[in-house]
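Chain A is the first sequence line, chain B the second, and so forth, proteins listed ahead of strands; every chain is numbered from 1.
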Amino acid sequence: MENSRLPQTFFRREAPELARELLGCILVRQTPAGITKGLIVETEAYSQEDAASHSYKGETARTAAMFGPAGHAYIYFTYGMHYCFNVVSGGIGHGQGVLIRALEPLEGIELMKQRRHKHDNHELCNGPAKLVQAMGITRADYGKALYKGNLYIEKSSGNAIEIKSGPRIGITKAMDAPWRFWIDGNQHVSR
DNA sequence: CTATTGATTGAT
DNA sequence: TCAATCAATAGG
């Protein structure tokens, strides 16, 4: 039985706000091999006016999903070996999204360990390309809607969390923008 | 700290 | 066609 899946309307807001709202929500992946769930503990916002964003120079074949409707998946391949997962935010044509940087594993942990070839819980989802691997997300999920289908997000449990923010990681431009958000004190944040 | 690895992009 | 860049990770 499925808990409350977030509807498309939830994602229709500006990236920094959505990045905050997604903290404490649960990313869910259903596959024939089993279900995996993780609490979202770290995010980063990217917008079109932002020099560090893939959408900064306008829409390209690679970034098309960022300019599409909110609540869909933008997945990019980088460094010749890693995929990362974003949730598209804002309106159609806006070119923005929220990078999911880290999860706290909740369910399907054995499956995550198999996919990651790791046995330490803290090494399963504490980085953007790591959680993609642990959740079994692939290029085939590019552009897919998260408000339907087998990859989706459940609403926050409502537990009180303290949110911190700071500069984003791994970028070489707009390093002053404090658009990385994380749950204070959570042990699964990437660093 | 370094090596890895190849798609994407914009300039020749 | 070519070269630079890259929202990262694993292993010393």
[X] near the nucleic acid: base, sugar-phosphate alone, or nothing, with a heavy-atom cut-off under 4.0 Å?
| X | result |
| --- | --- |
| A:Ala52 | base |
| A:Met175 | nothing |
| A:Phe77 | sugar-phosphate |
| A:Ile171 | sugar-phosphate |
| A:Arg168 | nothing |

Nucleotide [N], atom [atom2] - distance to [atom1] of [X] in whole Å:
| X | N | atom1 | atom2 | result |
| --- | --- | --- | --- | --- |
| A:Arg62 | B:dG6 | CZ | C1' | 12 Å |
| A:Ile169 | C:dT9 | CD1 | P | 9 Å |
| A:Lys57 | B:dA11 | NZ | P | 8 Å |
| A:Glu42 | C:dA7 | CD | C1' | 12 Å |
| A:His54 | C:dT5 | NE2 | P | 15 Å |
| A:Tyr79 | C:dT5 | OH | P | 12 Å |
| A:Gln133 | C:dA10 | CD | P | 7 Å |
| A:Arg180 | C:dA8 | CZ | P | 11 Å |

Is A:Tyr46 stacked on the base of C:dA7, meaning ring centres closer than 5.5 Å and planes within 30 degrees of each other?
yes
Inter-residue atom distance A:Leu103.CG - A:Met135.CE, 0.5 Å rounding:
6.0 Å
Let's see if you can work this out: which of [options] has an atom nearest to the side-chain heavy atoms of [X]?
| X | options | value |
| --- | --- | --- |
| A:Lys130 | C:dA10, C:dC6, B:dT8 | C:dA10 |
| A:Arg116 | B:dT4, C:dA7, C:dA10 | C:dA10 |
| A:Met81 | B:dT5, C:dT9, B:dT9 | B:dT5 |

Give a yes or no on this: more than 12 heavy atoms of other residues, nucleotides or ligands lie within 6.0 Å of atom OH of A:Tyr56.
no
NZ (A:Lys155) with more than 12 external heavy atoms under 6.0 Å:
no
Pair assignment for B:dT5, Watson-Crick or G-U wobble, requiring both distances under 3.5 Å:
none
Which base, if any, makes a Watson-Crick or G-U wobble pair with C:dA7, both distances under 3.5 Å?
none
Measuring to OP1 and OP2 of [N], would you say a side-chain N or O of [X] lies under 4.0 angstrom away?
| X | N | answer |
| --- | --- | --- |
| A:Thr60 | B:dT9 | yes |
| A:Lys173 | C:dT5 | no |
| A:Thr172 | C:dC6 | yes |
| A:Lys118 | C:dG11 | yes |
| A:Arg101 | C:dA8 | yes |

Using the side-chain hydrogen bond (donor to acceptor under 3.5 Å, both in side chains) rule, pick out the option among A:Arg116, A:Lys118, A:His117 that qualifies with A:Gln133.
A:Arg116
Can you tell whether the side chains of A:Arg20 and A:Glu17 come within less than 4.0 Å, N to carboxylate O?
no
Parallel, tilted or perpendicular: rings of A:Tyr83 and A:Phe77 (30°, 60°):
tilted
Between A:Arg139 and A:His82, which is nearer to the 5' end of DNA chain B once each is assigned its nearest nucleotide?
A:His82
